[in-house]
Asker: 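Supplied in structure tokens, the structure appears directly below.
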Protein chains: 2
Amino acid sequence: MALSVGEHMPDSSRADILEAAAHCFMERGYAATSIDDVARRLDATKGRIYHHYSSKSDLFADVFRFGMEMNYRAIEPLRRSGEKAVERWRQMALIHVVQMITTRQFQRVVWEGVEMHLRGATTPEQRTAFAELIERRSRYSDIFRDLLAEARDDGDMRFENLGIANQLVFITLNSPIFWYSPRAGETARDIEEIGRQVVAFALHGLGVRKGNP
Amino acid sequence: MALSVGEHMPDSSRADILEAAAHCFMERGYAATSIDDVARRLDATKGRIYHHYSSKSDLFADVFRFGMEMNYRAIEPLRRSGEKAVERWRQMALIHVVQMITTRQFQRVVWEGVEMHLRGATTPEQRTAFAELIERRSRYSDIFRDLLAEARDDGDMRFENLGIANQLVFITLNSPIFWYSPRAGETARDIEEIGRQVVAFALHGLGVRKGNP
DNA sequence: GTTGACAACATACCCGGTAGTATGTTCATC
DNA sequence: GATGAACATACTACCGGGTATGTTGTCAAC
């Protein structure tokens, strides 16, 4: 239910399928999730799913795409703020972490999708279908990476190897998809507080002096 | 082949099976790996594997166990050095990261095993078999966690929530299992250098002042 | 207000792959 | 030369992806 996205949303039936699929893929992983599992969660049958998606990997890819687009839309407003690179990075990182927490089901699918691609555990047809998604994911990652390089040139960050630093930071920011679990009565401020600590850890790791405002 | 562990090693036939299984599980994940895949990598058939292991999950559990025991043995010599907590943590963290790189196949299985347990995606019988492994894994993690707490009490580290800090640090130290890929002609010193940068990132994230010696 | 057409599913079925088993086969060791 | 370990071979049972076909509601045209 409650996909907190009005615009850019496909019809509600597909949305329900996406949500259910994301949950199942999150809980059991791609390979261990059957189409019947997803259908069962919808109180429906395979017929409904195969009416909208041509294959299991097609469904997975759509969950992947949707999760990623949510991230793009979340950080979009911040990309052209006049701030310095380090500050833009901080703001975007915080938004990103909050996204990881609030849309956890989808983000784990994104993660597994990247993993599947890196491992090459896909059929040739799937690889071409995935290629554009992976490409788009890489460009998303580049946004953060470029800011890191810029911030270092500004003298606001100090680290050695850019590639390694970017990997470490990215996994740090994504890590809530693994260890976060929702608490009863948790507010948006609580989540933002967690995000603040994650970003603070990353910033210190990147050699940024001052704490968070 | 080349399991760089002499002692504590089961007979060589089982060792080859473990190694092959670790590779397959790393490349495709547990669910997507078939027993025939493992057998194929051994130039053998299922018969060989089922002669030594009673089930697929049993094999997986043994890879899990073996990978974890390697970690225990690696850090064991450092546990009772006279150093301060922050210094012991640094040394153990470095060893741990190097372990993640050099025994990557096994460590990814350990990771997936923990994941499977957290997701609850196991049958009741498997859960009890896994329980002791997970427990042992938790105690391994506690070693690092306790050192974090001690180092903070010493005034050598500064962070807010211990649980969050530990999660962030642990995923940072484990992250090479995801992004590291071996380069041709890479030496042990190269790997240690990578480890140094990972640990440096984590230490800074934990609010430790001085750089690495 | 009936019919026809189509979307949105459900039902029933097929079939390949895979975990696990049952049964050889070989070789060493006593 | 008998016995058992260490496999290979052959087979079964079942699950799950995909398909083919039926069913229901809606909406437009006449």
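Just so we're on the same page: letters track the sequence lines, and every chain starts at 1.
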Asker: In whole angstrom, give the distance that lies between atom CG of B/L59 and atom P of C/dT18.
Answerer: 16 Å

Asker: Measure from CZ on A/R14 to C1' on C/dC9 and round the result to the nearest Å.
Answerer: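 Going from CZ in A/R14 over to C1' in C/dC9 covers 14 Å.
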
Asker: Less than 6.0 angstrom from the centroid, inside 45 degrees of the normal: does A/R65 satisfy that with respect to the ring of A/F60?
Answerer: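 So A/R65 doesn't make the cation-pi contact.
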
Asker: Can you check the B/I49 CD1 to C/dT18 P distance for me, whole Å?
Answerer: 13 Å

Asker: If I take atom CZ in residue B/R48 and atom C1' in nucleotide C/dT23, what distance separates them, rounded to the nearest angstrom?
Answerer: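 My rounded result for the distance is 20 Å.
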
Asker: Name the nucleic acid region contacted by B/S54, choosing base, sugar-phosphate or nothing; use a 4.0 angstrom heavy-atom cut-off, strictly under.
Answerer: nothing

Asker: Given B/S175, which partner from the list A/T172, A/I164, A/N174, A/L168 fulfils the side-chain contact (heavy atoms from CB on, under 4.5 Å) test?
Answerer: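 In the set A/T172, A/I164, A/N174, A/L168, the residue that makes a side-chain contact (heavy atoms from CB on, under 4.5 Å) with B/S175 is A/L168.
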
Asker: Verify the contact: side-chain N or O of A/S13 to OP1 or OP2 of C/dC9, cut-off strictly under 4.0 Å; return yes or no.
Answerer: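 Result: yes.
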
Asker: When the distance from NE2 of A/H52 to C1' of D/dT19 is rounded to whole Å, what number comes out?
Answerer: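 Answer to the nearest Å: 17 Å.
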
Asker: Relative to B/F170, does B/R145 satisfy both conditions: NZ or CZ under 6.0 angstrom from the six-membered ring centre, and within 45 degrees of the ring's axis?
Answerer: no

Asker: Figure out the CG/P separation between A/D58 and D/dG17, and round it to whole Å.
Answerer: 14 Å

Asker: Backbone N or O of A/R104 within a donor-acceptor pair of the A/Y180 side chain at under 3.5 Å?
Answerer: no

Asker: Please check this pair: side chain of B/D190 against backbone of B/T187, looking for a donor-acceptor N/O pair closer than 3.5 Å.
Answerer: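 Yes, B/D190 side chain to B/T187 backbone: donor-acceptor pair under 3.5 Å.
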
Asker: Base contacts versus sugar-phosphate-only contacts with protein, heavy atoms under 4.0 Å: please encode nucleotides 11-16 of chain D as B, S and - from 5' to 3'.
Answerer: -----S

Asker: What's the OH-P distance between B/Y50 and C/dT21, to the nearest Å?
Answerer: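 After rounding, the gap between these two atoms is 8 Å.
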
Asker: Which word best sums up how the rings of A/F178 and B/F178 line up, parallel for under 30°, tilted for 30 to 60°, or perpendicular for over 60°?
Answerer: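 The rings of A/F178 and B/F178 lie parallel, inter-plane angle below 30°.
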
Asker: Reading DNA chain D from 5' onward, which residue's closest nucleotide shows up sooner: B/A44 or A/S57?
Answerer: B/A44

Asker: Closer than 4.0 Å, any side-chain N/O of A/H51 to the OP1 or OP2 of C/dA8?
Answerer: yes

Asker: Distance check needed: D/dG17 P versus A/Y53 OH, whole Å only.
Answerer: 16 Å

Asker: Enter the distance from A/H204:NE2 to A/L206:CG here, rounded to the nearest 0.5 Å.
Answerer: 10.5 Å

